[in-house]
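Written below as structure tokens is the structure these notes are about.
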Number of protein chains: 2
Amino acid sequence: MVLPELKLRRDRIRSLMAHQGIDAALIACNVNLLYTAGQIISGYLYLPLHTPARIFVKRPNTFTGELIHPIRKPEQIVEILQQEGLAIPQTIMLEGDELPYTEYNRLAALFPDAKVVNGTPIIRKARSIKTEMEIEMFRRSGIAHTKAYNEIPSVYRPGMTDLELSIEIERLMRLHGCLGIFRTFGQSMEIFMGSLLAGDNGAIPSPYDFALGGKGIDPALPVGVAGKVIEEGQSIMVDYGGNFNGYMGDMTRVFSIGKLPEEAYAAHQTCIDIQEKVIAMACPGVTCEELYDAAIEMVTQAGFADNFMGMGQKARFIGHGVGLQINEPPVLAPRNKLELEAGMVFALEPKIVLPRIGPVGIENTWAVTNNSTEKMTRCEERIIDLLNPDQIQ
Amino acid sequence: MVLPELKLRRDRIRSLMAHQGIDAALIACNVNLLYTAGQIISGYLYLPLHTPARIFVKRPNTFTGELIHPIRKPEQIVEILQQEGLAIPQTIMLEGDELPYTEYNRLAALFPDAKVVNGTPIIRKARSIKTEMEIEMFRRSGIAHTKAYNEIPSVYRPGMTDLELSIEIERLMRLHGCLGIFRTFGQSMEIFMGSLLAGDNGAIPSPYDFALGGKGIDPALPVGVAGKVIEEGQSIMVDYGGNFNGYMGDMTRVFSIGKLPEEAYAAHQTCIDIQEKVIAMACPGVTCEELYDAAIEMVTQAGFADNFMGMGQKARFIGHGVGLQINEPPVLAPRNKLELEAGMVFALEPKIVLPRIGPVGIENTWAVTNNSTEKMTRCEERIIDLLNPDQIQ
């Protein structure tokens, strides 16, 4: 990756560090290394406030260059800093919400005289405001994601199970360049490539923090498809992570087998109306809670509040930031007073689950611009009947 | 899952706790919850030494039962323990190598008067000795894994890229029941479903701690396929995680496009000979280093030492324990004096990378029995020519 881009990212982190009196960061987690070093390495990026970053690399041994130091273990870092005549920081930040407890302590022990603070909130805040290049990554990812979804009707065969259809969609995503891996922050959102929810499986709660759940096909991964034949009159919600270049774009579309009861189209339209309303409001300065509250007000007026964002177990958000991980700030949730800023990228996913029919709704990925938003995922939004994909209901 | 099985697993952990004077464990990480509670939940399993385990569950809200307490946040745990008349532990263990630093501290703060110790090594040690039911899971997983690999020749088309072939293999794995998700301990082994390495891509080092690397198709996941057309005279190593039921079985097989140079068959046979030798030695009481040293001695005699387990960057192990994660004890590595025990399950993967040809070798999953081993992955071991799959070279 070009150095000016990396410098821009590092300077975003530095600027937040400076505000909190932090002299240096030692970055060790994969996605944060990807963000600051431009690729994943096994090693560390040392980011001082006023001097250039240094990279300490264990693997691959082919990752070499100026200011890149090969090491075997992190204990060599301080010795190299001293050899290079660099100051040892008085306050250093480590990835406290991401590094395991013992690893954090091992790295903290490298700087016995320093004050060690949790740097995860700073790095996540820096990452939440995307650079122009990152937004371009989302644009490209959205195009590939759209192409894959456009082919979904071509892989449906009557009598398929939800699992079989999901396997064909996974294949389409991969053929269009999806890397497959689904990166999350923390362990609350574990999934394979995404989720396909048909019929009443859309109402089954999961242990995870997704908008909806699903039974899953094994207790080892209780989320998503249930392994059941998809039946006529059911809606099918397709929600796969669009990781085509490291950036986790997010898009949901709904399909049906045959015509659904009118209620389904009404509920779906309510979600599209909510999207329109929320996006009309979304610009720098608006708070997450204002967007959330607007959605709740609309869905309540439309009479679908009880079925909004799940049934027995409800998700308490209508959208979430996306980036190198699927769950980044901003979270569009009640009481979240965080203001949108230009450069934030978020997925907005109003969804309604209807008994005996299944889930309907919409999800797109949006970048916040200086005065409005840009849509990254441009794909037909009506419910598409897999038996008659070209017919408008 | 049946309660006697869960009791068996919990008692394995308890027995190790007792040896170290630990009164209770608070388990919060997904795979350890899967192990001790039988399914993944969002919550905690509290495991006291002498009284039955309690489960504190945030999600799903359908996970209810005796000794299961719904909570919103972990701070409620101690209050409930007191209400139930349970003793507050004097020494408690938390998953120190797995929980993020801040989460560990939050849980430790629930027990301000207790000594808090790192329980990860104990839980991983307990998990490394599989129960009969877990070994049966590996047996079933091995059968499905074998069926999927048997179909690989049927999906190859001349002119395919390594990526295209890998997508078809992923689909076969999924159709045979693979859950897809690839669970690892730590962040040193991040991958999609597994790896396919053709030709010289097998020699490209990665940041990860796999036996071999590969360039990958994006800096966001620098491992595995390179997106290049597979050419005649190249070997293709197929190494996918066999997660069909939570247990990460592991199997590698090698294919070719046309006949390979004789050297490739000789190197492949060396790996099979190493497997035979190591497995003949493998039984309770033998140390990991003895197995590793035997492999190194054989490959050195065969003249392939420089190409064993990678070229420029070499893996310093010939095998690894498998279980709910792909990288468990025992690690078959130099200077590892850990002795094999009945119930351990490990993958043995001697591999040789040949310039201009590609990687050859073998990997199977083995359970240690009372006096020898049981093979879990029974699939043709010769190099199969994808142009003439039935022809014996």
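These numbers were taken from a predicted model, which means no experiment stands behind them. Just so we're on the same page: letters track the sequence lines, and every chain starts at 1.
- Rounding to the nearest 0.5 angstrom, the gap separating the CG atom in B:D218 from the CD atom in A:Q39 is 10.0 Å.
- With values rounded to the nearest 0.5 angstrom, B:L221 atom CG is found 12.0 Å from A:N245 atom CG.
- In terms of heavy-atom pairs under 4.5 angstrom with chain B, the leader among A:V223, A:L175, A:N243, A:L33 is A:L175.
- With rounding to the nearest 0.5 Å, the separation of NZ in A:K58 from CG in B:D209 is 9.0 Å.
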_For A:Y208 and B:N30: C-alpha separation, side-chain torsions, deciding distance, then whether side-chain contact (heavy atoms from CB on, under 4.5 Å) applies._
CA-CA 10 Å; A:Y208 303 112; B:N30 288 347; 4.1 Å; yes
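- Counting heavy-atom pairs closer than 4.5 Å to chain A, the top-ranked of the candidates B:A220, B:G216, B:G177, B:G213 is B:A220.
- Contacts between A:Y101 and chain B at a heavy-atom distance below 4.5 Å involve backbone atoms as well as side-chain atoms.
- Comparing A:E98, A:E164, A:E168, A:R183 by how many heavy-atom pairs each has under 4.5 Å with chain B, the most go to A:R183.
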_From CA spacing to verdict: side-chain contact (heavy atoms from CB on, under 4.5 Å), B:L179, A:I217_ = CA-CA 8 Å; B:L179 303 178; A:I217 54 168; 3.6 Å; yes
*When you look at A:F182 and B:F182, which way does the ring-ring contact (aromatic ring centres under 6.0 Å, His included) test go after all the steps?*
CA-CA 10 Å; A:F182 191 102; B:F182 192 102; over 10 Å; no
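- Within the model, atoms CZ of B:F63 and OG of A:S206 stand 13.5 Å from one another, a figure rounded to the nearest 0.5 Å.
- B:P207 approaches A:S42 most closely through the heavy-atom pair O-CB, 3.1 Å.
- Interface remark: of the candidates B:G180, B:G96, B:G246, B:G96 forms the most heavy-atom pairs closer than 4.5 Å to chain A.
- For A:T120, no part lies near chain B; criterion is any non-hydrogen pair under 4.5 Å.
- Remark: B:T102 engages A:D97 in a side-chain hydrogen bond (donor to acceptor under 3.5 Å, both in side chains) (not counting sequence neighbours).
- Within the 4.5 angstrom heavy-atom criterion, no atom of A:I204 approaches chain B.
- Between B:S188 and A:R59 the shortest heavy-atom distance is CB-NH2, 4.3 Å.
- Closest approach of A:G38 and B:P219 over heavy atoms only: O-CB, 3.6 Å.
- Interface remark: B:L163 contributes side-chain atoms only to the contact with chain A (heavy atom separation under 4.5 Å).
- The line from NE2 of B:H176 to CD1 of A:I167 is 10.0 Å long, rounded to the nearest 0.5 Å.
- Between A:E170 and B:R171 there is no salt bridge, since no side-chain N of the basic residue sits under 4.0 Å from a carboxylate O of the acidic one.
- Side-chain atoms of B:N61 come within 3.5 Å of backbone atoms of A:G312 as a donor-acceptor pair (strictly under, hydrogens ignored).
- In this structure, A:Q187 contributes its side chain and B:A28 its backbone to a donor-acceptor pair below 3.5 Å.
- The distance from atom CZ of A:R174 to atom OG of B:S166, rounded to the nearest 0.5 Å, is 5.0 Å.
- Counted within 6.0 Å of NZ on A:K314, heavy atoms from surrounding residues, nucleotides or ligands total more than 12; the atom is thus considered enclosed.
- Neither the backbone nor the side chain of A:E95 comes within less than 4.5 Å of any heavy atom of chain B.
- Taking B:T62 as the reference, A:P205, B:P60 meet the side chain to side chain contact (heavy atoms under 4.5 Å, CB included) condition, with sequence neighbours excluded.
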